[in-house]
Amino acid sequence: MNPDDSPHILSEQTRDAVGAAEADADAEDDDGDGEFRAFWADVVADEIEARDPEEPIVIKGGVSPSGVAHLGNFNEIMRGYFVAAVLRERGHEVRQVFTSDDKDPLRKLPRKLANADGEIVGLGEVDAGALGRNLGKPYTAIPDPFGERESYAAHFAALLQADADRLGVPVEMISNTELYADGDFDGVTRAALSDLAGVREVLSAYQDKVDGEYVPFNPVCAECGKVTETVTAVDLDAETVEYACTDMAVGDEVIEGCGHEGTATFREGKLPWRLEWPGQWDVLGVDFEPFGKDHAEGSWPSGVDVARNVLGVEPPVPMVYEWFTLNGEPLSSSAGNVVTVPELLDLLEPAVLRYFFALHPKKARDLDIERLDQLVDRFDRFERAYFGEVDDEDLTAFAERAYPFVIGRAADPPTEKPVRLPYTFAAVLGMVDDPAFRERLARDEGHIPDDASAEVIEAALARVEKARNWAERTENEYDYRLQTVLPDAEFDDDVAAALDDLADFVAAGHDGDAIQAEMYETARAHDVDVGDFFAAGYRLFFDDTQGPRLGEFLGELEREYVVSRLRREA
RNA sequence: GGGCCGGUAGCUCAGUUAGGGAGAGCGUCCGGCUUUUAACCGGACGGUCGGGGGUUCGAAUCCCUCCCGGCCCGCCA
């Protein structure tokens, strides 16, 4: 492979500066290097433009259906999204596609599945037999274990489509099975099978199994429906192959063939991955494709080779992205360490999630659910930087370029900064349910400007539900709620007497500051430790050992409720 | 063993394209908000930029080397 074919286009120090300069004739640079790019998607877009591609420019992603459409899979869509958005902003017509590689055979049972709502369930909760009986068959030939869609593949594709919709990404889902069925792959298949010696020579450099007998086509057995790998003859004129349905090794397991011998057309089977991937580039005219680092040293080099030397096409601009970890551990659906887009959207706004994908792809990133507040804080700072409120040149340069894409408004960037409640404060507001009360508390803390419109306020308060879900899910220190019924608690006599006195004080009508001060006075008067007294208050109102500054908080509540609660009456 | 990509403060990260001040947020500590608790405001502490060598007037940034981590180097995708 030519060094220029390295997929690490965001890592290299000396890129093809000449090409970039030609593509960007108005770039002003003194030393001849390319224009500085604060946003990686612009670097990629430069590479694409330098090739002078035909329009529409095609951006692809794709995965093989597996158990769960998790956050990592979504790189395939979101990394392309930013490049597509940048190219559109530069005036290009762009088509973003996503191939569901659903003619691949199911090779082993997934441990976990995601239902239509993106919730992760175990195999015990679905018709697992529908999967187990169909090992070896294409995903599109396997019933949906949830019994909702026409196939397992359709179920999985619908999940990703729904996630893309949730994040506002216009992506066109393409079924690989349909590409074969419609004949789109006929030409590629013919090219692969018409020069077997050439294909074997190319592939044997990457795969030990490729020998003088190897035929790069996997027919689907007409008898048992499984994807097979033993082709005994090729008839190019008829566009068919002869095959025998033999056993297939999958790791340590063996998926048994049925022994059937038959004939399959080019549309009744599939190409192996190393040919299929470049085949997709050819068929779909792909100009750019991001892929995970696992492909970087494996199928990418062979794909480049196949594209040029078997199919006679140029491979797309590549981009390797690093993998995410979740809570410090690798994403693994079998180990249960996965998170889906819908799950995350219960915890944060779509813009924050898009921001996460806008960060530099070559860095391995951990998504720490416990520390989700840090991610949101970083987004908020990123947003403030866009509006010129942060004294950080680098961040500001990145934000000025990337922010409009992150919030999905490249065409009409906002001119006013949205009102944002700090995430942990929003979590605190979750302790009460009344929106008006939430608004009053937020105003008291100065998080809502006096002249904010109803729409702005509603948008700001929308974060409260997210943050509250986060506090509940992680059971962290922000997870407390105002108790509507009297918690089960017992107090010493002197604490009880102090609570009664405080109740009288509140009943007499005082504001929050006064109540706060009185709490100290009352505690002293009854010879009660101040900490114990506050703890009693937190127990009564939150059934917890800690909470917000109590006196001022009680001043905001309905007086009658506070008085009766302090008297342990209701 | 070979190749690729990473390694910056306790945590999460920016800065590496374009060599010149080592940074942000969070956490911690101290202080303020009329006397502990969330929030808010101010301040401090905190890093041999993985180690070493080299180039340079000057290196987190370029080169070499070593260490650590992930991925690939069977099959599959």
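Because the structure is a prediction, the values reported are computed rather than measured. Throughout, a chain's letter reflects where its sequence line sits, starting with A, and its residues are numbered from 1.
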### Task
Identify the nucleotide, in any strand shown, that forms a Watson-Crick or G-U wobble pair with B/A44, with both distances under 3.5 Å; if there is none, say none.
B/U28
#### Entry: Distance test, side-chain N/O of A/K270 to OP1/OP2 of B/A77, below 4.0 Å
yes
### Message
Strictly by Watson-Crick or wobble contacts shorter than 3.5 Å, is anything paired with B/G1, and which nucleotide is it?
### Response
B/C73
### Query
Taking only side-chain nitrogens and oxygens of A/Y423, does any of them come within less than 4.0 Å of OP1 or OP2 of B/A39?
no
### Query
Looking only at heavy atoms, what is the nearest atom pair of A/V68 and A/N73, with distance?
O-OD1, 3.2 Å
## Note on the structure
Whichever of A/V63 and A/E322 has the more 5' nearest nucleotide on RNA chain B, that residue is A/E322
### Task
Describe, in one word, how the ring planes of A/F398 and A/F39 are oriented to each other, choosing from parallel (under 30°), tilted (30 to 60°) and perpendicular (over 60°).
perpendicular
### Summary
Taking for A/F425 and for A/S64 the nucleotide of RNA chain B with the nearest heavy atom, the one nearer the 5' end belongs to A/F425
### Message
Taking the ring of A/F553 and the ring of A/F542, is the distance between their centroids below 6.0 Å?
### Response
yes
### Query
Looking only at atom P, what distance separates B/A22 and B/C11, rounded to whole Å?
23 Å
### Query
Does the separation of the ring centres of A/H295 and A/W273 fall below 6.0 angstrom?
yes
### Task
Please state whether the phosphate of B/A14, meaning OP1 or OP2, lies under 4.0 angstrom from any side-chain nitrogen or oxygen of A/K363.
yes
#### Entry: Pairwise C1' distance for B/A39 and B/A77, with rounding to whole Å
50 Å
### Message
Side chains of A/K60 and A/T99: any donor to acceptor distance under 3.5 Å?
### Response
yes
Name the pairs: protein N/O against N/O of nucleotides 28-30 of chain B, kept only if under 3.5 Å.
none

### Query
Between A/K362 and B/U16, does any side-chain N or O lie under 4.0 Å from OP1 or OP2?
no
## Note on the structure
A/K209 has its side chain closest, among B/C4, B/U17, B/C76, to B/C76
### Query
Distance between the P atoms of B/A60 and B/G23, in whole angstroms?
12 Å
#### Entry: A/F534 side-chain proximity, nearest of B/U37, B/A14, B/G25
B/U37
### Contact check, side chains of A/I255 and A/K226, non-hydrogen atoms, under 4.5 Å
yes
### Message
I'd like the C1' distance from B/C72 over to B/A14, given in whole Å.
### Response
29 Å
Write down the protein N/O and nucleotide N/O pairs, taken from nucleotides 9-11 of chain B, whose separation is under 3.5 Å; answer none if there are no such pairs.
none

### Task
Could you measure between the two C1' atoms, the one in B/G42 and the one in B/G47, and give it in whole Å?
24 Å
#### Entry: B/A59: pairing nucleotide in any strand, Watson-Crick or G-U under 3.5 angstrom
none
### Message
Taking the cut-offs as 6.0 angstrom to the six-membered ring centre and 45 degrees off its axis, would you call A/K362 and A/W40 a cation-pi pair?
### Response
no
#### Entry: Distance flag, aromatic centroids of A/F156 and A/Y139, threshold under 6.0 Å
no
### Summary
Within residues 378-386 of chain A, the residues having a heavy atom closer than 4.0 Å to RNA chain B are A/R378, A/R381
### Message
Consider salt bridge (Lys or Arg N to Asp or Glu O under 4.0 Å). Of A/R381, A/R378, A/R384, which one does A/D392 pass it with?
### Response
A/R381
### Query
Should the heavy atoms of other residues, nucleotides or ligands under 6.0 Å from CG of A/D211 be counted, would the total exceed 12?
yes
### Query
B/A14 P sits how many Å from A/W40 CH2, rounded?
13 Å
### Message
Measuring only the C1' atom in each nucleotide, how far is B/U8 from B/G51? A whole number of Å is fine.
### Response
15 Å
### Message
Looking at A/K108, I'd like to know if its NZ atom is crowded, meaning that more than 12 non-hydrogen atoms belonging to other residues, nucleotides or ligands lie closer than 6.0 Å.
### Response
no
### Contact under 4.0 Å: A/Q207 side-chain N or O vs B/C76 OP1/OP2
yes
## Note on the structure
Side-chain contact check for A/R37: nearest option of B/C75, B/U17, B/U37 is B/U17
#### Entry: Pair A/F356 and A/F324, ring centroids less than 6.0 Å apart
yes
### Aromatic centroids of A/Y403 and A/Y355 separated by under 6.0 Å
no
